[in-house]
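Inspection log for the structure reproduced underneath, given as structure tokens.
Chain letters run A, B, ... following the sequence lines, proteins first, then strands; residues in each count from 1. All figures in this text were calculated on a predicted structure; none of them were measured in a lab.
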Protein chains: 2
Amino acid sequence: MAEVRARCEEEKLRLTPARECVLNALLEAHRAMTAYELLDRLRDEGLPHQPPVAYRALDFLVEHGFAHRIERLSAFVACTHGSDHHAAAFLVCRGCRTVAESKLPAPIRGIEETMSRESFTVERLVVEAEGLCAACAEAGTDTP
Amino acid sequence: MAEVRARCEEEKLRLTPARECVLNALLEAHRAMTAYELLDRLRDEGLPHQPPVAYRALDFLVEHGFAHRIERLSAFVACTHGSDHHAAAFLVCRGCRTVAESKLPAPIRGIEETMSRESFTVERLVVEAEGLCAACAEAGTDTP
DNA sequence: GCATAATTGTAATGTTATAACAGTTCGGCT
DNA sequence: AGCCGAACTGTTATAACATTACAATTATGC
Ligand SMILES: [Zn+2]
Ligand SMILES: [Zn+2]
Ligand SMILES: [Zn+2]
Ligand SMILES: [Zn+2]
């Protein structure tokens, strides 16, 4: 959080109350949260809590690399790697919705050939592995 | 479509009218369609058209590998590779919503180490590249 | 034929996301 | 200090996507 504040100072970004509240919630949760869960948090903090408030804060956080959207969950997590808008892969537990973030250093074999064959311009790459984390696999969340 | 009918015969799957109508729509479209677009199609064909009809047909088609869900679009495409429930990567054009499917032969470098470190069990892998297809890049869909 | 499992029909509801627009605050400029 | 335009906020309304629940029907194996 201190890191984030520093980066905002440095890059002249405005970390307004709603944005800070949303980021704090994500940092504390250590798991993916939906926009509406974040709205609840905003309400608890006495901040305005109509849907656009959360979505605007999330747009800001995602745009500047402080958070990521998890497509599989229609939900959001705090970024666990400092650097700006990097490509990443996510391990998404369907049991507890925790998300582990892994840097994505290498291009993905199999996709580049199709890309070049179709001359497709990639702007964003989504890589999400859905499954069970160690704790949920142990607990048998799949076959209760 | 003939192929699909053959596989259903072989595996004793019931390709009911709603399921067939939805699959036909997807095969003809050559692009991702939402559940509600498919409901319109069902209505046009005189079939029932409440949301669960489309979602149930799509569940069937996805489960048996005849279609894929594109998370980025909350939409669905027909599978362009015959074999059953294979991993795949998708090139998703944000201009025209066409989707190119690429087989995903190799594991993704960078994600396995995190997987094993966290002892995470992967059940499904989502790989979607969002960008512009050649036609849309040409047409300048991004800066109109 | 009869039990069972799979599928269908339908209403109601829940969840996720955006459009639109008036008002306010911020930062740079003169 | 006063003004401008850009960024941001507050709010209402609505669009788009998805599921629950339950009764009714149809297929399949014995
Ligand atoms: Zn990150
Ligand atoms: Zn878990
Ligand atoms: Zn496929
Ligand atoms: Zn296109």
Side-chain angles (χ1 to χ4, degrees), chain A residues 8-23 25-26 31-43 45-64 66-77 92 94 97 126 128 130, chain B residues 5 8-23 25-26 29 31-43 45-64 66-77 92 94 97 126 128 130:
Chain A
C8 285
E9 192 105 356
E10 187 184 331
E11 301 183 29
K12 305 242 191 276
L13 302 174
R14 292 165 60 188
L15 192 60
T16 59
R19 291 168 179 178
E20 183 164 354
C21 173
V22 167
L23 182 53
L26 291 176
R31 62 175 180 86
M33 295 180 74
T34 68
Y36 283 75
E37 289 175 325
L38 293 163
L39 281 174
D40 289 345
R41 175 67 172 256
L42 285 162
R43 175 166 351 90
E45 305 279 334
L47 292 164
H49 53 275
Q50 295 78 4
V53 176
Y55 283 102
R56 291 197 280 231
L58 288 165
D59 285 349
F60 171 87
L61 295 172
V62 169
E63 181 175 358
H64 294 96
F66 300 124
H68 299 285
R69 178 184 165 87
I70 304 300
E71 298 295 339
R72 186 61 184 94
L73 299 176
S74 298
F76 302 83
V77 281
V92 180
R94 67 171 165 78
R97 287 161 59 108
V126 174
E128 297 172 8
E130 181 186 0
Chain B
R5 241 187 283 267
C8 285
E9 192 105 359
E10 189 184 330
E11 301 183 31
K12 305 244 191 273
L13 302 174
R14 292 164 61 186
L15 192 60
T16 59
R19 292 167 178 179
E20 182 165 352
C21 173
V22 166
L23 182 54
L26 290 176
R31 61 174 181 86
M33 295 180 74
T34 68
Y36 282 74
E37 289 175 324
L38 292 163
L39 281 174
D40 290 345
R41 174 66 172 258
L42 286 162
R43 177 169 345 92
E45 304 280 334
L47 292 165
H49 52 275
Q50 294 79 4
V53 176
Y55 284 101
R56 291 198 279 231
L58 288 164
D59 285 349
F60 171 87
L61 295 171
V62 169
E63 181 175 358
H64 294 96
F66 300 125
H68 299 284
R69 178 184 164 89
I70 305 298
E71 299 295 338
R72 186 62 184 93
L73 298 176
S74 297
F76 302 82
V77 283
V92 180
R94 67 170 165 79
R97 286 161 58 107
V126 174
E128 297 174 6
E130 182 186 0

Send over the distance from L39(B) CG to dG9(C) P, rounded to a whole Å.
13 Å
Listed nucleotide nearest any side-chain atom of Y55(B), set dT8(C), dT12(D), dT19(D)
dT19(D)
From CA spacing to verdict: salt bridge (Lys or Arg N to Asp or Glu O under 4.0 Å), R94(B), E130(B)
CA-CA 7 Å; R94(B) 67 170 165 79; E130(B) 182 186 0; 5.2 Å; no
Could you tell me the separation between the CG atom of L73(A) and the C1' atom of dA18(D), rounded to a whole number of Å?
15 Å
Distance check needed: dA16(D) C1' versus L38(B) CG, whole Å only.
14 Å
Nearest-nucleotide pick for R19(A), side chain only, options being dC21(C), dC8(D), dT10(C):
dC8(D)
What are the two closest heavy atoms between R97(B) and R31(B), and how far apart are they?
O-CB, 3.4 Å
dA18(D), dT18(C), dG10(D): which one has an atom nearest the side-chain heavy atoms of P48(A)?
dG10(D)
Base of dA18(D), side chain of Y36(B) - is there a donor-acceptor contact under 3.5 Å?
yes
Which nucleotide in dA11(C), dA17(C), dC17(D) has an atom nearest any side-chain atom of T34(B)
dC17(D)
Kindly point out which of dA18(D), dT11(D), dA17(C) is positioned nearest to the side chain of R69(A)?
dA17(C)
Which nucleotide in the list dC8(D), dA18(D), dT10(C) gets nearest to the side chain of V53(B)?
dT10(C)
Given dT19(D), dC17(D), dT9(D), the nucleotide with the shortest approach to the side chain of S74(B):
dC17(D)
Side-chain-base donor-acceptor pair under 3.5 Å for R14(A) and dG27(C):
no
